[in-house]
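Per chain, numbering begins at 1; letters A, B, ... match sequence-line order.
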Number of protein chains: 2
Amino acid sequence: MNATAASLLGLLDLGGGDLTAGELVRVAEQRIGSFWTLTRSQVHRELAALERDGHVEPGPAGPRDARPVRLTARGRAAYREWLTERLPAETTRVPVLLAVALGAVLEPQALRDVLERSAAGHRDRLAAYRALDAQLAALPGGEPWARATLAYGVHHEEAVLRWFATLPEHVRPPDAGTPRPRAEPPAEGPERQA
Amino acid sequence: MNATAASLLGLLDLGGGDLTAGELVRVAEQRIGSFWTLTRSQVHRELAALERDGHVEPGPAGPRDARPVRLTARGRAAYREWLTERLPAETTRVPVLLAVALGAVLEPQALRDVLERSAAGHRDRLAAYRALDAQLAALPGGEPWARATLAYGVHHEEAVLRWFATLPEHVRPPDAGTPRPRAEPPAEGPERQA
DNA sequence: AAGGCCATGTAACAAGTTACATGATTAA
DNA sequence: TTAATCATGTAACTTGTTACATGGCCTT
């Protein structure tokens with residue numbers, strides 16, 4: 001049982017019915033978006049292993065050789081055990097930090113350009129998360145868990161943007177704000193949309 | 001040129017002199033810590049490729065078959081080009097978010113345990129970052145770039161801890177604080193755009 | 001001087017990414 | 001009916017991880 005396999009079983013559990021590889025990819029994208037990458041190739045490979053181990057069983061075949069799978073009781077127990085007992089720590093690679101760590105040997109202007117592009121991406125993502133959250137909030141059930149997941153993204157992006165503002169002035173990207181002032185009314189509403 | 005190779009060249013540049021694979025791993029751990037994972041196996045593999053491509057050249061051999069390498073002019077240009085022109089976006093897998101996304105089908109108690117353990121890890125890391133930052137601040141040069149890197153970690157961990165406090169009460173880990181009162185800790189971000 | 005310890009390099013394995021061939025659906 | 005498009009599965013490749021054998025270093 002690995003992280004990818006466990007996540008697939010969990011999504012099957014959440015989905016309720018039979019899902020194909022493509023559907024799983026879509027559900028993952030929708031449910032955990034940019035915080036849990038999954039490619040179709042991975043899904044196919046893991047699904048094959050999961051079926052071999054009895055964690056999923058094939059459902060009725062669909063068009064295009066699409067093979068929906070269904071979670072088995074064994075599979076449900078396996079992923080839950082993994083989730084509660086073997087959940088690994090978060091691992092990250094933050095490319096922009098590499099640039100910052102090398103700040104002593106880089107041209108300030110080059111570093112500043114890198115930071116500016118990175119900051120723009122974070123601003124865009126923050127805006128996208130907020131927009132999506134507004135959509136979810138309007139839905140009947142309120143989608144509390146999807147919104148909780150999104151909230152992580154919002155908190156993270158806000159934190160990163162605040163961090164940009166703390167960088168030395170000669171490399172700080174424009175529009176990153178300034179280190180100190182956190183008093184003024186933050187423009188909560190519609191910002192420059194991506 | 002890939003991210004791992006580029007980071008090795010950058011660290012060689014920063015280090016100044018000849019470094020062995022093991023030294024590179026140590027420098028990476030010290031400089032970008034938990035935001036840039038590197039294993040010795042990767043370093044050996046990449047170093048072989050880098051030497052083949054003329055990005056590094058072998059220095060005087062040391063004990064235990066240790067083979068220090070030195071950055072070449074070609075290597076310096078290559079990693080800088082990558083850093084400023086091809087820096088990839090951040091990719092993350094946040095296991096705890098998987099649990100949250102599956103909140104609808106998990107036992108609340110199980111989810112709460114998972115969250116509590118995750119929160120504990122984040123608290124520990126935040127404390128460690130702060131302690132390390134205090135050490136760096138006391139150093140002669142002040143280590144501005146190392147501290148800037150660390151600051152990212154501090155901001156990130158603070159944000160995650162704040163996020164925990166926003167989760168539904170019946171799964172919120174103890175010691176996570178409460179959603180509303182944001183008196184003391186860094187508050188709503190001043191991510192002013194324009 | 002000897003034995004445990006630790007760092008080195010190597011190799012096998014697992015996971016993630018990219019590119020491609022095929023077949024179904026849709027629109028003209 | 002035909003052509004374009006899109007989703008599917010497969011394969012090849014790259015990157016990351018884990019486990020292991022060896023040899024210098026340090027302590028006793």
Distance-only donor-acceptor test (3.5 Å): side chain A:Arg93, base D:dG16: no
Euclidean distance, atom CZ of residue A:Arg45 to atom P of D:dT14 [Å, nearest integer]: 15 Å
Heavy atoms of other groups near A:Glu57 CD, more than 12 under 6.0 Å: yes
Check whether any side-chain N or O of A:Asn2 sits under 4.0 Å from OP1 or OP2 of C:dA15, and answer yes or no. yes
Round to a whole Å and report the spacing from CZ of B:Arg67 to P of C:dG9. 6 Å
Can you measure A:Leu8 atom CG to C:dA15 atom P for me and round it to whole angstrom units? 12 Å
Any residue of residues 12-44 of chain A with a heavy atom less than 4.0 Å from an atom of DNA chain C: A:Thr39, A:Ser41, A:Gln42
How about B:Ser34 and B:Tyr129: does a side-chain donor come under 3.5 Å of a side-chain acceptor? yes
Is there a donor-acceptor pair under 3.5 Å between the side chain of B:Arg93 and the backbone N or O of A:Thr37? yes
For A:Glu29, all residues meeting side-chain contact (heavy atoms from CB on, under 4.5 Å), sequence neighbours excluded: none
Checking the side chain of B:Glu157 only, and the main-chain atoms of B:Val154 only, is there a donor and an acceptor separated by less than 3.5 Å? no
Residues pairing under salt bridge (charged side-chain N to carboxylate O under 4.0 Å, His left out) where one sits in residues 33-45 of chain A, two or more places apart or in two chains, turn out to be none
